[in-house]
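Every chain is numbered from 1, with letters handed out A, B, ... down the list of sequences.
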There are 2 protein chains.
Amino acid sequence: MSNSPKIRNMEEFASVSGLSRPTVSKYFNDPDSVRASTRARIEQSLEEYDYTPNIYAMNQNRKLTKNVGILVPYLADPFFAEIARNVEQRCIDAGFRPTLYSSHGDPNLEVEILESLRSLKPAGVLMAPLGRSSIRGEIEKFCNYVPTVLFDSNIPDLGFAFVGSNNTQFSMLMAEYLCRTGEPPCFFEMQFPSNPNANKRRQGYLDAMERLGHEPKVIKIEGDGWAFEEIGRLGAHKVFETGGFPSSTVLCSNDRLAIGVLTACWEKGVRVGIDSNASIRVAGQDDHPLARYTCPPLTTIAQEYEAISSYAVEVLAKAVEGEKKPHESKLFEGKLIMRDSA
Amino acid sequence: MSNSPKIRNMEEFASVSGLSRPTVSKYFNDPDSVRASTRARIEQSLEEYDYTPNIYAMNQNRKLTKNVGILVPYLADPFFAEIARNVEQRCIDAGFRPTLYSSHGDPNLEVEILESLRSLKPAGVLMAPLGRSSIRGEIEKFCNYVPTVLFDSNIPDLGFAFVGSNNTQFSMLMAEYLCRTGEPPCFFEMQFPSNPNANKRRQGYLDAMERLGHEPKVIKIEGDGWAFEEIGRLGAHKVFETGGFPSSTVLCSNDRLAIGVLTACWEKGVRVGIDSNASIRVAGQDDHPLARYTCPPLTTIAQEYEAISSYAVEVLAKAVEGEKKPHESKLFEGKLIMRDSA
DNA sequence: ATATTAATTTTACGCGCGTAAAAAAATAAT
DNA sequence: ATTATTTTTTTACGCGCGTAAAATTAATAT
């Protein structure tokens with residue numbers, strides 16, 4: 001960082017530090033692998049001279065790089081952006097070098113990214129798969145080469161482990177709350193949800209309703225892709241046109257659908273909320289970053305962002321170190337966030 | 001892609017293709033640099049055998065890599081996620097290898113990312129700086145080493161070029177529309193906006209008001225950071241507590257602030273919109289992906305996402321090729337999106 | 001002080017490719 | 001057919017580092 005002559009390579013840097021290159025090399029691979037006094041000397045030189053090892057030369061012969069790929073299905077969804085940020089930070093803290101990718105909702109792109117990822121020789125990959133549309137065979141092939149931890153959305157038995165939310169519990173928790181505080185909810189979801197979590201959520205709803213002795217009512221709406229708000233909005237309009245919701249309480253499969261439902265309600269002049277002059281209650285699931293700011297603010301189930309990302313990275317680190325163990329599925333419970341929409 | 005024996009390196013691949021390694025190397029650097037018949041032969045082999053050049057070995061000795069860094073200030077903001085997606089795709093189309101980074105609103109992280117980016121020897125960088133809090137000196141230093149195109153938010157005279165929106169025009173357009181259709185607006189913004197575009201927008205408002213002969217009223221609210229919705233919400237509440245808005249029309253500096261204002265209005269029981277029983281109109285700027293789904297849907301100014309990203313990448317390609325020209329500032333006009341909030 | 005152990009240096013090789021220069025071959029122009 | 005031109009091959013070197021083995025030195029234990 002100074003005005004000293006520029007260091008060209010590790011040889012030179014080792015020389016000005018009064019050490020040999022292999023020792024310096026060892027330091028850069030793992031600072032703790034050299035004697036404390038040596039380490040101090042290197043780090044002092046590092047302050048004095050401006051040198052960074054050439055990462056291309058480093059990774060060329062390394063058995064294992066420190067690269068980690070983070071792949072999410074749709075980065076323009078603030079939920080994934082937020083969890084990606086979390087995961088990214090923890091990777092850095094764990095000494096990895098994360099790179100962020102998004103499949104943009106396209107299964108082919110998902111596979112393409114994995115392929116280009118392979119050429120980066122990553123130590124591991126954290127992947128939230130697209131879900132239903134994911135090309136399982138290709139992902140499986142990838143998992144055979146690179147330690148991969150799935151998160152958010154599970155593909156059964158794939159990868160080293162899965163870390164996500166207990167989506168069944170999400171819906172059960174919310175359904176119970178809604179039953180306790182008003183009319184039992186109907187369940188609002190996409191007919192062919194792109195994400196397998198949706199199935200768990202439906203099941204949680206069905207279980208809760210049965211246990212509480214209410215008749216479950218599931219509304220399945222059309223729509224494809226990741227424009228959930230629009231799908232929810234159009235779906236709700238269709239429901240309004242065909243007799244309305246079967247209950248004055250609507251539990252949506254996720255927050256983004258719920259946001260669309262709120263918009264439809266507004267457009268239809270239907271008041272949403274828990275106060276006296278509202279005629280319908282709407283709840284979501286995920287605690288989307290903007291759920292707090294809808295009108296009315298959306299009652300929802302909060303994911304344990306931090307616990308999930310921290311555990312996912314923890315497990316990945318183990319996978320990278322070559323630990324062998326049976327496929328693990330770790331699920332975190334959600335928390336009820338009560339707001340004014342339900 | 002077949003069951004042929006695995007190719008270990010370019011030497012082997014050249015051999016099975018019946019060519020010499022330097023020729024194959026040339027192909028990978030630029031497929032058009034070899035004879036058409038040779039190219040066909042290589043591409044046929046590529047289908048037959050499974051070979052990808054080792055990118056670390058490639059980039060080690062290359063004067064210029066094909067890597068491009070894309071840096072945005074805050075990826076959890078869907079606006080930036082969306083524009084990043086656009087830019088990313090166009091980089092790929094242009095033959096680059098983009099990598100996405102987010103400063104997460106932290107000026108120090110912004111600089112750190114640039115530093116770690118340098119070790120990737122990128123051909124170029126597309127950067128939307130944090131704005132006011134950006135550490136100009138460090139960014140300037142970076143721009144001296146790597147061809148950098150700024151977008152969205154300008155830092156005067158920095159980098160090869162700037163590509164963004166004509167923010168003055170944004171506010172002028174909206175102010176004119178609002179004046180034409182109802183009470184002249186007041187302007188709602190953060191006291192110390194993190195983004196210099198905010199200043200342009202204020203100026204556009206002031207200009208428009210002056211030209212139309214109305215007295216401008218600017219409301220500056222407290223708040224720091226990137227949680228614009230919350231800042232807008234709290235700011236609006238404060239306004240309500242201290243006598244209310246000076247006009248029944250509120251032009252917000254951006255959509256996320258506007259979303260917060262809408263929430264505050266809801267919480268206060270103030271009806272927003274253009275219909276008869278609404279008492280206040282609220283408008284934003286940016287056409288945030290969720291602006292369509294607020295209640296009421298937000299009237300706003302749409303950025304030319306695609307034009308901006310396509311032009312930015314175009315200019316970057318020129319910069320990479322070493323074209324020299326004076327610092328250019330290209331601004332795109334916004335389009336008025338009329339919805340129900342104003 | 002001696003033996004033991006751990007850390008470091010020396011020496012040496014290889015990774016997979018870029019790239020430059022000269023020679024050879026293929027193509028195009030005359 | 002001859003010449004000029006372009007493309008390809010040959011040959012050869014180097015990039016910056018990882019890494020392995022043996023020799024040396026330093027730290028720790030006895």
Side-chain angles (χ1 to χ4, degrees), chain A residues 5-46 49-67 95 97 116 118-123, chain B residues 5-46 49-67 95 97 116 118-123:
Chain A
K6 274 180 191 168
I7 306 293
R8 312 191 138 273
N9 54 34
M10 199 180 274
E11 192 75 55
E12 275 189 32
F13 179 74
S15 154
V16 298
S17 310
L19 295 167
S20 73
R21 188 174 65 75
T23 305
V24 174
S25 168
K26 220 171 162 219
Y27 165 85
F28 278 111
N29 282 330
D30 176 9
D32 285 321
S33 67
V34 301
R35 211 186 302 149
S37 62
T38 315
R39 177 174 178 172
R41 220 152 104 198
I42 292 177
E43 279 164 0
Q44 195 192 321
S45 288
L46 234 33
Y49 302 93
D50 184 9
Y51 169 70
T52 331
N54 179 316
I55 59 168
Y56 296 112
M58 280 181 73
N59 288 327
Q60 176 172 18
N61 301 317
R62 268 235 186 87
K63 303 184 207 307
L64 215 55
T65 69
K66 301 233 171 232
N67 297 333
R97 216 172 181 295
S116 92
R118 277 188 54 181
S119 71
L120 282 181
K121 295 194 218 157
Chain B
K6 274 179 192 169
I7 304 295
R8 312 191 137 275
N9 53 36
M10 200 180 274
E11 192 76 54
E12 275 189 31
F13 179 74
S15 154
V16 299
S17 310
L19 295 167
S20 74
R21 190 174 63 75
T23 305
V24 173
S25 169
K26 220 171 163 219
Y27 165 85
F28 279 111
N29 282 330
D30 177 8
D32 285 320
S33 68
V34 301
R35 211 188 303 149
S37 62
T38 315
R39 177 173 178 172
R41 219 150 105 197
I42 292 177
E43 279 164 0
Q44 195 191 321
S45 289
L46 234 33
Y49 302 92
D50 184 10
Y51 169 70
T52 331
N54 180 315
I55 59 168
Y56 297 112
M58 279 182 73
N59 288 327
Q60 178 172 18
N61 300 317
R62 268 235 184 88
K63 303 184 207 309
L64 214 54
T65 69
K66 302 233 173 233
N67 297 332
R97 218 175 179 293
S116 92
R118 278 187 53 180
S119 71
L120 284 180
K121 296 194 215 157

> Looking at the side chain of A:Asn61, which of C:dG14, D:dT9, C:dG16 is the nearest nucleotide?
C:dG14
> Among C:dG16, D:dC17, C:dG18, which is the nearest nucleotide to the side chain of B:Asn29?
C:dG18
> Tell me the interatomic distance from A:Arg62, atom CZ, to D:dC17, atom P, rounded to whole angstroms.
11 Å
> Whole-Å distance between D:dT7 P and B:Arg39 CZ?
14 Å
> Please test B:Met10 against B:Tyr51 for side chain to side chain contact (heavy atoms under 4.5 Å, CB included), starting from the C-alpha separation and ending with a verdict.
CA-CA 8 Å; B:Met10 200 180 274; B:Tyr51 169 70; 3.3 Å; yes
> Expressed as a whole number of angstroms, how long is the span from A:Lys121:NZ to D:dG18:C1'?
11 Å
> Would you kindly give the NZ-to-C1' distance between B:Lys26 and D:dT8, to the nearest whole Å?
8 Å
> Kindly say if B:Arg21 contacts the phosphate of C:dC17, meaning a side-chain N or O under 4.0 Å from OP1 or OP2.
no
> Would you state whether a donor and an acceptor, one from the side chain of B:Asn54 and one from the base of C:dC17, lie under 3.5 Å apart?
no
> Please state whether the phosphate of C:dT9, meaning OP1 or OP2, lies under 4.0 angstrom from any side-chain nitrogen or oxygen of A:Thr23.
yes
> Between D:dC15, D:dC17, C:dT9, spot the one nearest the side chain of B:Gln60, thanks.
D:dC15
> Can you identify which nucleotide, out of C:dC15, C:dC17, C:dT10, has its nearest atom closest to the A:Pro22 side chain?
C:dT10
> Closest approach of A:Ser20 and A:Ala14, non-hydrogen atoms and distance?
C-CB, 3.6 Å
> So, does A:Ser25 get its side chain near the phosphate of D:dG18, meaning an N or O under 4.0 Å from OP1 or OP2?
yes
> Here's a test of your reading of the structure: between A:Val34 and B:Val24, which maps to the more 5' nucleotide of DNA chain C?
A:Val34
> What's the shortest heavy-atom distance between A:Ile42 and A:Val24, and which atoms?
CD1-CA, 4.2 Å
> To the nearest angstrom, how far is A:Lys66 atom NZ from D:dG18 atom C1'?
14 Å
> Specify the separation, in whole Å, of atom CG of A:Leu64 and atom C1' of D:dT19.
15 Å
> Rounded to the nearest angstrom, tell me the gap between atom CE in A:Met10 and atom P in C:dT10.
16 Å
> Indicate whether OP1 or OP2 belonging to D:dG18 is found under 4.0 Å from a side-chain N or O atom of A:Tyr27.
no
> Among B:Asn59, B:Asn54, B:Ile55, find the one that has a side chain to side chain contact (heavy atoms under 4.5 Å, CB included) with A:Tyr56.
B:Asn59
> On DNA chain D, compare the nucleotides closest to B:Leu19 and A:Arg35; which residue's is nearer the 5' end?
B:Leu19
> Please state how far atom CG in A:Asp30 lies from atom C1' in D:dG18, giving the value in whole angstrom units.
15 Å
> What's the shortest heavy-atom distance between B:Lys121 and B:Thr65, and which atoms?
O-OG1, 2.7 Å
> Within the structure shown, what part of the strands sits under 4.0 Å from A:Pro53 by heavy-atom distance: base, sugar-phosphate, or nothing?
sugar-phosphate
